[in-house]
Structure formats: structure tokens, C-alpha cells
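This report concerns only the one structure given below.
Order of the sequence lines fixes the chain letters, A, B, ..., with proteins taken first and strands second; residue numbering starts at 1 for each chain.
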2 protein chains.
Amino acid sequence: MKRRNTKSKTEILEILKSSSNSALSHEMLQEKLNSNIDRATIYRVLNRFCDDGWVHRIVGDDGKQYFALCLNCGEKKGEHNHNHFHFRCLQCGTVECLENEIDIPLPKGYMAKSINGLISGYCNNCS
Amino acid sequence: MKRRNTKSKTEILEILKSSSNSALSHEMLQEKLNSNIDRATIYRVLNRFCDDGWVHRIVGDDGKQYFALCLNCGEKKGEHNHNHFHFRCLQCGTVECLENEIDIPLPKGYMAKSINGLISGYCNNCS
DNA sequence: TTGTTAATGCGACTTTGTTGCAATAAAGCA
DNA sequence: TGCTTTATTGCAACAAAGTCGCATTAACAA
Ligand SMILES: [Mn+2]
Ligand SMILES: [Mn+2]
Ligand SMILES: [Zn+2]
Ligand SMILES: [Zn+2]
């Protein structure tokens with residue numbers, strides 16, 4: 001199943017690029033869209049991006065999913081890990097990728113598959 | 001508004017105590033219940049526990065809320081912080097509190113209100 | 001025992017995200 | 001360019017999680 005370049009895919013990717021370092025929810029994305037792309041399509045495009053490793057998904061403490069381009073996702077080491085924290089501002093809603101890498105020592109016999117670290121509070125602009 | 005001791009409150013608290021160190025979702029709780037407590041009531045009881053500081057809420061990367069008694073929530077320092085990671089097993093569904101305390105250095109001007117750290121993977125029994 | 005009101009049950013509702021299916025349109029090829 | 005294949009879309013339906021309004025019940029204090 002080879003991927004195709006569609007208008008939706010292109011436009012959504014553009015938006016993600018232009019809002020670099022901050023992750024967008026489906027809703028935020030839809031507001032920024034020019035065309036009227038269906039909700040289900042947006043989700044499907046985003047999920048495909050995640051599957052292909054272009055984007056990583058953050059689950060907020062508000063229960064919503066946020067999506068961000070993979071920029072500093074452990075490329076330094078040659079691998080691709082989303083082991084950084086995120087910050088969600090309770091005032092303006094922005095979700096940002098933080099720099100710090102997470103390295104939590106797990107108990108014996110535990111195997112990590114994915115990490116979702118999120119701090120919420122007030123960002124630089126809102127505090 | 002003074003809290004009252006009801007059958008629901010007592011029973012839910014018992015269950016949380018008996019499954020110490022592992023957090024329960026609303027669904028898990030309902031399965032363990034003897035009486036038929038309404039879904040909305042369960043949520044309301046749990047939210048009250050959270051408000052009163054007996055319980056802390058974890059938002060899983062599955063988007064669900066999990067609730068755990070506050071046992072090792074920073075009492076050592078006299079304060080009450082839920083700054084520890086949690087582990088969710090993709091196989092058996094268990095959500096556990098990990099020991100390690102988190103201390104993420106935030107950028108200047110940022111203020112943390114709450115931390116939600118979750119690692120998912122396979123637990124000791126399932127890996 | 002009685003009065004006050006916190007807590008419950010029930011139903012309706014919202015939001016988030018997924019899925020089935022028919023219609024559309026990329027991309028590869030004649 | 002026109003044709004074929006099938007990935008992608010739009011739309012509707014659906015599921016699950018969580019909240020809320022309101023009438024009823026029951027905790028608890030007087
Ligand atoms: Mn990130
Ligand atoms: Mn915990
Ligand atoms: Zn902000
Ligand atoms: Zn397990």
C-alpha cells in the first residue's frame with residue numbers, strides 16, 4: 001500500500017510544519033485549515049503520519065490527542081524516540097515539546113514501548 | 001459543604017485500598033463492585049476523592065482516567081505532589097505507580113501545575 | 001423525630017475518536 | 001492522453017468516556 005499525495009495530506013503537513021515545536025489537536029488543526037476537510041479524514045491523515053514516523057502523538061491530561069512533527073525526537077543518537085516531556089498551558093492551550101529527555105529506570109522485567117510525559121501549567125506568555 | 005459517608009463512597013474506597021499501588025479505571029472499578037452503583041456516581045465519588053486529596057488521577061495514553069490512592073505522593077517532604085511516573089501494561093491493562101520522582105527543569109517563566117507521566121509497555125508478568 | 005442538603009439514579013447530552021461503505025482521485029502504465 | 005487500480009475521501013453511523021440537570025433519597029445534626 002503505497003502512500004499518495006493528496007491535497008489534505010499536503011495542507012495538514014504544511015500546518016504542522018508552520019506551527020513547529022507546538023503540537024496541535026484535531027480541533028486546532030481544523031481551525032487553521034483553509035479547505036473543509038472532513039474530521040475523519042484529518043484523523044486518518046494524522047494517524048498515517050504517526051504510523052510513518054513523521055509525527056508523534058501526545059495524549060494530554062485533558063484526554064485529547066495532540067500531534068507534532070518529529071523534529072528533535074532522538075535523532076542525535078540515530079534512533080527515533082519520543083522520550084521528551086511536553087507542556088500544556090492551561091490558559092492558552094498550547095502544547096509544546098520540551099527539550100529534556102526522559103530516562104526512567106523501570107523495575108526488573110518491565111519493557112517500555114512508549115512514553116507519554118506531560119506537564120500542565122502556565123506557559124511563559126500566560127504566567 | 002460537608003462530606004457524608006455513604007455506601008458508595010465506602011465501597012469504592014475499599015476497592016481502591018485493596019488494589020493498592022495499582023490505579024483503576026472507572027470500568028475496572030465497576031467490575032469489582034458488589035452493588036450496582038451508577039456510572040455517574042462512581043465518577044462523582046472519584047472526583048470528590050481527587051478534590052479532597054485522597055486519590056490522584058492518571059490519564060492514560062489510552063485516553064482513559066485511572067485513579068489511585070495517594071500513598072507515596074511526596075509525603076516524605078511534607079508536601080503532596082504526584083510527581084511520579086506510571087506504567088500501563090498493554091497486555092493485562094494494569095496501571096501502577098512507579099517509585100521514581102520526576103523533576104523536570106522547565107524553561108524560564110513556565111509554571112507547573114500538575115504532572116502526568118506515563119510509560120506503557122509490558123509489565124513483569126506479561127513480558 | 002424532623003429538617004436540611006449532600007449524594008444518588010437516571011436520562012440526556014457532549015466530546016473525542018473510529019469504522020463501514022460508496023464515491024473520488026492519485027499514480028502507474030498502455 | 002486515456003485507462004486501470006486502489007489509496008483516500010466524505011458522510012453517516014457508531015462507540016466510549018465523561019459530564020450535567022433534575023427529581024428522589026438518605027446522611028447527619030439539631
Ligand atoms: Mn514532542
Ligand atoms: Mn501514582
Ligand atoms: Zn499559555
Ligand atoms: Zn501486564
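Each of B:T6 and B:R39 has a nearest nucleotide on DNA chain C; the 5'-most of these lies closest to B:T6. DNA chain D is contacted by both B:A40 and B:K2; B:A40 maps to the nucleotide lying nearer its 5′ end (nearest heavy atom per residue).
B:K9 has its NZ atom 9 Å from the P atom of C:dT8, to the nearest Å. Rounded to whole angstrom, the span from the CG atom of B:D62 across to the C1' atom of D:dA15 amounts to 15 Å. For A:K64 and C:dT14, the NZ to P distance is 15 Å, given to the nearest whole Å. Between the C1' atom of D:dT6 and the CZ atom of A:R48 lies a distance of 13 Å, rounded to the nearest Å. Taking atom CE of A:M28 as the reference point, atom C1' of C:dT15 lies 15 Å away to the nearest angstrom. The distance between atom CG of B:D52 and atom P of C:dA7, rounded to the nearest whole Å, is 9 Å. Whole-Å rounding puts the B:L46 CG to D:dT19 P distance at 10 Å. Rounded to a whole Å, the CE atom of A:M1 is 12 Å from the C1' atom of D:dT8.
If you check every strand for non-hydrogen atoms under 4.0 Å, B:N47 touches sugar and phosphate atoms only.
Between A:H56 and A:H84, the two ring planes are perpendicular [angle over 60°; tilted spans 30° to 60°].
With sequence neighbours left out, B:Y122 forms a ring-ring contact (aromatic ring centres under 6.0 Å, His included) with no residue at all.
For B:N5, counting side-chain heavy atoms from C-beta on, the closest listed nucleotide (D:dT19, D:dT8, D:dC28) is D:dC28. Checking C:dT16, D:dT9, C:dG17 against every side-chain atom of A:E27, the shortest atom distance belongs to C:dT16. Closest to the B:S8 side chain, of the nucleotides D:dT8, C:dT8, C:dG17, is C:dT8. With distances taken from any side-chain atom of B:Y43 to the nucleotides D:dG18, C:dG9, C:dT8, the minimum falls on D:dG18. Residue B:R4 places its side chain closer to D:dC28 than to any other of C:dG9, D:dT19, D:dC28.
B:L106 shares a hydrophobic cluster with A:F85, A:F87, A:L98, A:I102, A:I104, A:L106, A:Y110, A:I115, A:I119, B:F85, B:F87, B:L98, B:I102, B:I104, B:Y110, B:I115, B:I119; the chain of contacts runs through ILVMFWY side chains whose heavy atoms sit under 4.5 Å apart.
For B:N47 and B:R57, the side-chain atoms include at least one donor-acceptor pair closer than 3.5 Å.
The base of C:dG9 lies close enough to the side chain of B:R44 for a donor and an acceptor atom to sit less than 3.5 Å apart.
Using a 4.5 Å heavy-atom threshold, the side chains of B:L24 and B:S19 count as touching.
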